[in-house]
Engineer: 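Have a look at the structure that comes next, please.
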Amino acid sequence: MKEILVLYYSHRGSVRAIAEQIALGIDSSGIVAARLRTVPRVSSNIEAREAAIPDNGPPYAEHSDLEECIALALGSPTRFGNMAAPMKYFLDGTSAQWLSGALAGKPACVFTATGTLHGGQETTLLSMMLPLFHHGALVLGLPYTEGDLHSTQSGGSPYGASHVSGPQGDARLSDAERRLAFAQGRRLADVAARLAGVTR
């Protein structure tokens, strides 16, 4: 079965929760499967500083994951309106994949989480789109045909799924956030399958 890479960095669990919902949406298609991967934290001198294998959760991503999968969902918490350093560090190391066109023509989407409603979600989503455009990926958003975009009181954006964790860093997604993340995963799966010629 063809796979879609769900690649994320999560500090307190919010982005991981969105990633898991996106993966469920992907898997619900029945014709493609999600491959969950994360990236390690980096130290103050910008080097990976975690053990080679995470203590829990999905494995760390390798650049070959970008080559093997037919699509990509990319997620990071917000850091002053930008993606977090561990995700940027991983993406900065993808020159070989850029040169080979590993992501060219593959559909992709982005997702994020913030502590506050106006904490820079949309600029963070846009910041993750920029390297995807350079890689030649086909970036998908969330259309307003998703009714929750009209009524959400928390996360959710036409640029991608999101979560507002509040001052206590609550990683539990609201019902609307959960539905939007699931819908984003399903939409990515449907488009990726169509472009890859995958059928039931």
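Worth saying up front: this structure is predicted, and the values here are computed from it rather than measured.
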Engineer: Run the numbers on Thr112 and Thr124 for side chain to side chain donor-acceptor pair (under 3.5 Å), then give the verdict.
Structural biologist: CA-CA 7 Å; Thr112 192; Thr124 299; 4.7 Å; no
Engineer: For a 4.5 angstrom cut-off between non-hydrogen side-chain atoms, does Pro58 reach Tyr8?
Structural biologist: yes
Engineer: When rounded to the nearest 0.5 angstrom, what distance separates SG in Cys109 from CD1 in Ile26?
Structural biologist: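 Answer rounded to 0.5 Å: 7.0 Å.
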Engineer: Rounded to the nearest 0.5 Å, what's the gap from CG on Leu66 to CD on Gln97? Could you check?
Structural biologist: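 Those atoms lie 6.0 Å apart.
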Engineer: Answer yes when Arg35 and Glu68 have at least one side-chain N-carboxylate O distance shorter than 4.0 Å, and no when they do not.
Structural biologist: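 Salt bridge between Arg35 and Glu68, a charged N being under 4.0 Å from a carboxylate O: yes.
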Engineer: With clusters defined by side-chain heavy atoms of hydrophobic residues (ILVMFWY) lying less than 4.5 Å apart, directly or transitively, does Phe182 cluster with Val32?
Structural biologist: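 In one cluster with Val32: Phe182, no.
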Engineer: Answer yes or no: are there more than 12 heavy-atom neighbours, outside His118 itself, under 6.0 Å from its atom NE2?
Structural biologist: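 Incorrect, the count does not exceed 12.
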Engineer: Any non-hydrogen side-chain atom of Glu177 less than 4.5 Å from a side-chain atom of Ser162?
Structural biologist: no
Engineer: Between the main-chain N or O of His163 and the side-chain N or O of Gln121, is there a donor-acceptor pair closer than 3.5 Å?
Structural biologist: yes
Engineer: Would you say the side chain of Met83 lies within less than 4.5 Å of the side chain of Pro131, judging by non-hydrogen atoms?
Structural biologist: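 In contact.
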Engineer: Does Leu36 share a hydrophobic cluster with Leu74, counting links as ILVMFWY side-chain heavy atoms below 4.5 Å and allowing steps through other members?
Structural biologist: no
Engineer: Report yes if the side chains of Tyr60 and Thr38 come closer than 4.5 Å at any heavy-atom pair, otherwise no.
Structural biologist: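 With C-beta onward as the side chain, the pair touches.
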Engineer: So do Ser165 and Arg12 actually touch side chain to side chain, heavy atoms under 4.5 Å?
Structural biologist: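 SC-SC contact between Arg12 and Ser165 ruled out.
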Engineer: Please check if Tyr144 and Leu142 belong to a single hydrophobic cluster, counting links between Ile, Leu, Val, Met, Phe, Trp and Tyr side chain heavy atoms closer than 4.5 Å.
Structural biologist: yes
Engineer: What are the two closest non-hydrogen atoms of Phe90 and Leu7, and how far apart are they?
Structural biologist: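 Looking at all heavy atoms of both residues, the shortest contact is CE2-CD2, 3.6 Å.
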Engineer: Using the side-chain contact (heavy atoms from CB on, under 4.5 Å) rule, take Asp190 and Arg194 through it: C-alpha gap first, then chi angles, then the decisive distance, then the call.
Structural biologist: CA-CA 6 Å; Asp190 290 344; Arg194 195 176 317 126; 4.3 Å; yes
Engineer: Taking 4.0 angstrom as the limit, do Asp92 and Lys88 come out as a salt bridge?
Structural biologist: yes
Engineer: What's the spacing between Ser76 OG and His11 NE2 if we round to 0.5 Å?
Structural biologist: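 These two atoms lie 11.5 Å from each other.
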Engineer: For Asp175, is there an ion pair with Arg178 - N to carboxylate O distance below 4.0 angstrom?
Structural biologist: yes
Engineer: Would you say His63 has more than 12 foreign heavy atoms packed within less than 6.0 Å of its NE2?
Structural biologist: yes
Engineer: For residues Leu138 and Leu195, determine if any side-chain heavy atom of one lies less than 4.5 Å from a side-chain heavy atom of the other.
Structural biologist: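 Heavy-atom side-chain distance check passes, below 4.5 Å.
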Engineer: For Phe111 versus Met128, what's the shortest heavy-atom pair and its separation?
Structural biologist: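 Answer, listing the atom of Phe111 first, then Met128: O-CE, 3.1 Å.
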Engineer: Rounded to the nearest 0.5 Å, what separation is found between the CG atom of Leu103 and the CD1 atom of Ile70?
Structural biologist: 12.5 Å
Engineer: Taking the side chain as every heavy atom from C-beta outward, state whether Leu72 and Lys106 have any atom pair closer than 4.5 Å.
Structural biologist: no
Engineer: Could you tell me which non-hydrogen atom of Val15 sits nearest to which non-hydrogen atom of Ser10, and how far apart they are?
Structural biologist: N-OG, 3.4 Å
Engineer: How close do Leu132 and Ala108 get, heavy atom to heavy atom, and via which atoms?
Structural biologist: CD1-CB, 3.9 Å
Engineer: Can you see which heavy atom on Ser14 is nearest to which on Leu173, and at what distance?
Structural biologist: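 Nearest pair, atom of Ser14 first, then Leu173: O-CD2, 4.4 Å.
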Engineer: Tell me whether Tyr89 is reachable from Met87 by hopping between hydrophobic residues (I, L, V, M, F, W, Y) whose side-chain heavy atoms are closer than 4.5 Å.
Structural biologist: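 Per the 4.5 Å side-chain linkage, Met87 and Tyr89 are not co-clustered.
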Engineer: Without swapping roles, check the side chain of Asn82 against the backbone of Arg79 for a donor-acceptor pair under 3.5 Å.
Structural biologist: no
Engineer: Let me confirm one number: the CD-CD1 distance from Gln21 to Ile18, rounded to the nearest 0.5 Å.
Structural biologist: 9.5 Å
Engineer: Looking at Tyr159 and Val110, what are the two nearest heavy atoms and their distance?
Structural biologist: O-CG2, 3.5 Å
Engineer: What's the spacing between His134 NE2 and Leu91 CG if we round to 0.5 Å?
Structural biologist: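 Spacing of NE2 (His134) from CG (Leu91) equals 12.0 Å.
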Engineer: Sub-3.5 Å donor-acceptor pair from the side chain of Ser100 to the main-chain atoms of Ala96, do we have one?
Structural biologist: yes
